[in-house]
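The shown structure was predicted, so the numbers you read here are calculated from the model rather than taken from an experiment.
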Amino acid sequence: MGGYLKAHEQAWLGQTLDMPALPIAPDQNFASDNSAAVHPAVMQALVDANVGHQTAYGADTHTAECEAHLRDLFGAPVESLLVWGGTGANVVGLATMLHASEAVICSDVAHINVDEGGAPEKFAGAKLVDLATTDAKLTPEQIEPMLHVLGDHHHVQPKVISLTQSTELGTLYSPAEVAALADTAHRYGMYIHMDGARLANAAVAVGDLRSFTIDAGVDVLSFGGTKNGMMYGEAVVFLNSQLARNARFVRKQAMQLPSKCRYIAAQFNALFNNDLWLANARHANAMATRLYHATKDLDGVTFGSAPVVNGMFPILRADVIDQLQAWSPFYTWDPSINQVRWMASFDTTEEDVNRLAAGVKAALTS
């Protein structure tokens, strides 16, 4: 999943790749929503928070305000902890839910399974049991056969089902699908964890936040900020507050306790004020849809389906991928089928979309 880096080692000019030059590249690339700049309102919030002394380790006014925002969003007395990043959020959340000899069931393409360097296994001490999926979504029918080992001391014990919303393939769990998985988990004394790195994009696409989280039975989730306009920082939200009993100790041991929490909290507060977190996600989703319509009919581009959030996974003609990646970075997702990933961000413009579409067309028709 890191195809453009190799391509960037080559000059993209026609003399090197033996292809004609492409039109002007987009100002913002489509490699990742992690590539985006910090939203101006978030940057201003950091400046505004940078005045005077505040008590460290989360005992500051900004963190208290952030915690109140999260309680309001979920309509419940949820507990929340601020952490440095997405992997840390997942590790802290999972570690609070697990004991020795317990396991996490997840999709084979889950971020915790593929892109976190083994951190959940190392720091949460949990075995990940990954199940093959075609759309990155788990189903109760997949989970049930895994549970015959419960109580057998020869087998690792399934304790957590981890879902990603929106998924690594840009798909969505409906509220009913999450609820069905939660019913299965809770019936067997298990928990539901949700990796919400792109929770805002999902909330916009579904239409609300609570229906597929707290109302559906999710126990613990990570609330993403970095991919939605923040400089850094995520939140671990305990919808099942009983699981938060030792969470502060887990966060400290996992090296995810920022001494100056106010700077993460201030960023979240800027996103929560006037629902900027939703506006940013709505724009990113819309730009993905625009790019889909601008490229879906090109000969040499194949989409499985239209995007529902801000990610697209087209299959491109093999001979143009390196040239396009060197011209404007994006990642290869599945090289075996020439599938790539285009990811729109809160600061993607219509002109960026138009330029990428024009470049793809030029490469395909040259």
*Asks:* For Ala247 and Leu243, work out which heavy atoms get closest and say how close.
*Replies:*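 Looking at all heavy atoms of both residues, the closest pair is CB-O, 4.5 Å.
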
*Asks:* So do Ile264 and Met230 actually touch side chain to side chain, heavy atoms under 4.5 Å?
*Replies:*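 Yes, side chains in contact.
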
*Asks:* Quick check: does any side chain N or O of Asn269 sit under 3.5 Å from a backbone N or O of Cys66, one acting as donor and the other as acceptor?
*Replies:* yes

*Asks:* Taking atom types as modelled, find out whether Gln165 and Thr213 have a side-chain donor-acceptor pair closer than 3.5 angstrom.
*Replies:* no

*Asks:* Evaluate the side-chain proximity of Ile105 to Gln142: yes if any heavy-atom separation is below 4.5 Å, no if none is.
*Replies:* no

*Asks:* Would you give the length of the straight line joining atom CG of Leu199 to atom OG of Ser222, rounded to the nearest 0.5 angstrom?
*Replies:* 7.5 Å

*Asks:* Is the closest side-chain heavy-atom distance between Val104 and His193 below 4.5 Å?
*Replies:*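 A side-chain contact is absent here, since even the closest heavy-atom pair is not under 4.5 Å.
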
*Asks:* Verify side-chain contact (heavy atoms from CB on, under 4.5 Å) between Val178 and Met194, making sure each step is shown before the conclusion.
*Replies:* CA-CA 10 Å; Val178 177; Met194 180 171 283; 4.2 Å; yes

*Asks:* Please list all pairs passing the salt bridge (charged side-chain N to carboxylate O under 4.0 Å, His left out) test where one or both residues lie in residues 136-150, with sequence neighbours left out.
*Replies:*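 Counting only pairs at least two positions apart or across chains, the salt bridge (charged side-chain N to carboxylate O under 4.0 Å, His left out) contacts touching residues 136-150 are Lys137-Glu177, Glu144-Arg187.
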
*Asks:* Distance check, rounded to the nearest 0.5 Å: Met343 atom CE versus Ser35 atom OG?
*Replies:* 10.0 Å

*Asks:* Restricting to non-hydrogen atoms, name the atom on Tyr232 and the atom on Gln267 that form the minimum distance, rounded to 0.1 Å.
*Replies:* O-NE2, 3.2 Å

*Asks:* More than 12 non-hydrogen atoms from neighbouring residues, nucleotides or ligands closer than 6.0 Å to CZ on Phe303, yes or no?
*Replies:*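 It does: Phe303 CZ has more than 12 such atoms within range.
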
*Asks:* Tell me whether Thr349 contacts the main-chain N or O of Asp352 through its side chain, where contact means a donor paired with an acceptor under 3.5 Å.
*Replies:* yes

*Asks:* For Arg282 and Val204, indicate whether the former's side chain and the latter's backbone hold a donor-acceptor pair under 3.5 Å.
*Replies:*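 Pair absent, no side-chain N/O of Arg282 close to backbone of Val204.
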
*Asks:* Rounded at 0.5 Å granularity, tell me how far CG in Leu150 sits from NZ in Lys159.
*Replies:*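 The distance works out to 9.0 Å.
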
*Asks:* So if you build clusters from Ile, Leu, Val, Met, Phe, Trp, Tyr with side-chain heavy-atom gaps below 4.5 Å, do Leu81 and Val91 land together?
*Replies:*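 Hydrophobic grouping puts Leu81 apart from Val91.
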
*Asks:* Using the ring centroid of each side chain, check whether His69 and Phe268 are separated by less than 6.0 Å.
*Replies:* no

*Asks:* If we ignore hydrogens and angles and just use 3.5 Å, is the side chain of Trp327 paired with the main-chain N or O of Ala21 as donor and acceptor?
*Replies:*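 It does not hold such a pair.
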
*Asks:* Which pair of heavy atoms, one from Ser305 and one from Tyr292, lies closest together, and at what distance?
*Replies:*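 Of all heavy-atom pairs spanning Ser305 and Tyr292, the closest is O-CE1, 4.1 Å.
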
*Asks:* Using a distance-only test with no angle check, is there a side-chain donor-acceptor pair under 3.5 angstrom linking Glu116 and His111?
*Replies:* yes

*Asks:* Closest approach of Leu257 and Cys261, non-hydrogen atoms and distance?
*Replies:* CD1-SG, 4.4 Å

*Asks:* Report yes or no: do Leu324 and Phe30 belong to one cluster of Ile/Leu/Val/Met/Phe/Trp/Tyr joined by side chain heavy-atom distances under 4.5 Å?
*Replies:* yes

*Asks:* Under the side-chain contact (heavy atoms from CB on, under 4.5 Å) criterion, do Arg341 and Ser32 qualify, and how do the steps go?
*Replies:* CA-CA 9 Å; Arg341 187 186 75 169; Ser32 174; 3.6 Å; yes

*Asks:* Nearest 0.5 angstrom please: Asp135 CG to Glu168 CD, how far?
*Replies:* 11.5 Å

*Asks:* Check whether any side-chain heavy atom of Phe346 sits under 4.5 Å from a side-chain heavy atom of Leu271, and report yes or no.
*Replies:* no

*Asks:* Rounded to the nearest 0.5 Å, what separation is found between the CE atom of Met287 and the CG atom of Asp347?
*Replies:*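 With rounding to 0.5 Å, CE (Met287) is 11.5 Å from CG (Asp347).
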
*Asks:* Out of Leu98, Leu128, Ile192, which residue meets the side chain to side chain contact (heavy atoms under 4.5 Å, CB included) rule with Val160?
*Replies:*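 When side chain to side chain contact (heavy atoms under 4.5 Å, CB included) is applied between Val160 and each of Leu98, Leu128, Ile192, only Leu98 qualifies.
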
*Asks:* Evaluate Phe212 against Leu172 for side-chain contact (heavy atoms from CB on, under 4.5 Å), listing each step before the verdict.
*Replies:* CA-CA 10 Å; Phe212 64 86; Leu172 281 173; over 6 Å; no

*Asks:* Could I get the full list of side-chain contact (heavy atoms from CB on, under 4.5 Å) partners for Asp275, not counting sequence neighbours?
*Replies:* Trp277, Leu278

*Asks:* I need the single residue from Thr167, Thr139, Thr164 that forms a side chain to side chain contact (heavy atoms under 4.5 Å, CB included) with Tyr173. Which is it?
*Replies:* Thr167

*Asks:* Is there a side-chain contact between Asp33 and Asn228 (heavy atoms, below 4.5 Å)?
*Replies:* no

*Asks:* Does some side-chain heavy atom of Val308 sit less than 4.5 Å from a side-chain heavy atom of Ser166?
*Replies:* no

*Asks:* Look up atom CG in Asp152 and atom CD in Gln157, then write down how far apart they are to the nearest 0.5 Å.
*Replies:*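 Those atoms lie 7.0 Å apart.
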
*Asks:* With no hydrogens and no angle check, is any side-chain donor or acceptor of Asn285 less than 3.5 Å from a backbone partner on Asn201?
*Replies:* yes

*Asks:* Hydrophobic clusters here meaning ILVMFWY residues chained together by side-chain heavy-atom distances under 4.5 Å, can you tell me if Phe272 and Leu239 are in one?
*Replies:*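 Yes: a chain of side-chain contacts under 4.5 Å links Phe272 to Leu239.
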
*Asks:* I'd like to know if the side chain of Ser241 and the backbone of Val78 have a donor-acceptor N/O pair within less than 3.5 Å.
*Replies:*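 No; judged by distance alone, with no hydrogens or angles, the pair does not exist.
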
*Asks:* Using salt bridge (charged side-chain N to carboxylate O under 4.0 Å, His left out) as the criterion, list what pairs up with Asp108, not counting sequence neighbours.
*Replies:*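 Testing Asp108 for salt bridge (charged side-chain N to carboxylate O under 4.0 Å, His left out), a comparison that skips the adjacent residues, returns none.
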
*Asks:* Distance only, no hydrogens: is a donor on one side chain within 3.5 Å (strictly under) of an acceptor on the other, for Thr87 and Asn90?
*Replies:*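 There is no such pair (donor and acceptor under 3.5 Å, judged by atom type) between the side chains of Thr87 and Asn90.
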
*Asks:* Does His283 reach the main-chain N or O of Asn280 with its side chain, forming a donor-acceptor pair under 3.5 Å?
*Replies:*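 The answer is no, because no donor-acceptor pair under 3.5 Å joins these two groups.
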
*Asks:* Exactly one of Asn310, Asn29, Leu316, Val353 should register a side chain to side chain contact (heavy atoms under 4.5 Å, CB included) with Trp342. Which one does?
*Replies:*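 Running side chain to side chain contact (heavy atoms under 4.5 Å, CB included) over Asn310, Asn29, Leu316, Val353 with Trp342 returns exactly one hit, Leu316.
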
*Asks:* Is it the case that the side chain of Arg262 and the backbone of Ala49 share a donor-acceptor pair, with hydrogens and angles ignored and the cut-off at 3.5 Å?
*Replies:*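 Side chain of Arg262 to backbone of Ala49: a pair is present.
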
*Asks:* Please test Tyr191 against Val220 for side-chain contact (heavy atoms from CB on, under 4.5 Å), starting from the C-alpha separation and ending with a verdict.
*Replies:* CA-CA 8 Å; Tyr191 301 121; Val220 178; over 6 Å; no

*Asks:* Taking all non-hydrogen atoms of both residues into account, name the closest pair between Ala288 and Pro307 and its distance.
*Replies:*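 Smallest interatomic distance, heavy atoms only, reads O-CG, 3.7 Å.
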
*Asks:* Under 4.5 Å between any side-chain heavy atoms of Met231 and Leu46, yes or no?
*Replies:* yes

*Asks:* Shared ILVMFWY cluster between Leu70 and Val218, side chains joined below 4.5 angstrom?
*Replies:* yes

*Asks:* Between Arg355 (side chain) and Ala25 (backbone), is there a donor-acceptor pair under 3.5 Å?
*Replies:* yes

*Asks:* For Arg317, does the CZ atom sit with more than 12 other heavy atoms under 6.0 Å from it, leaving out its own atoms?
*Replies:*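 Enclosed.
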
*Asks:* Can you name the nearest heavy-atom pair linking Ile161 to Leu163, along with the distance?
*Replies:*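 Of all heavy-atom pairs spanning Ile161 and Leu163, the closest is CG2-CD2, 3.8 Å.
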
*Asks:* Would you say Gln54 and Thr61 are linked by a side-chain donor-acceptor pair, where the criterion is simply a distance under 3.5 Å?
*Replies:*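 Yes, a side-chain donor-acceptor pair sits under 3.5 Å.
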
*Asks:* Indicate yes or no for a side-chain donor-acceptor contact from Gln256 to the backbone of Ala89 under 3.5 Å, with no hydrogens or angles considered.
*Replies:* no

*Asks:* Are Val309 and Val109 linked, directly or through intermediate hydrophobic residues, by side-chain heavy-atom contacts shorter than 4.5 Å (ILVMFWY only)?
*Replies:*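 As far as the 4.5 Å side-chain criterion goes, Val309 and Val109 are not connected within one cluster.
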
*Asks:* Salt bridge or not between Arg210 and Asp208? Use side-chain N to carboxylate O under 4.0 Å.
*Replies:*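 Not counted as a salt bridge, because no side-chain N and carboxylate O are separated by less than 4.0 Å.
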
*Asks:* Quick one: does Glu351's side chain get under 4.5 Å of Asp27's, heavy atoms only?
*Replies:* no

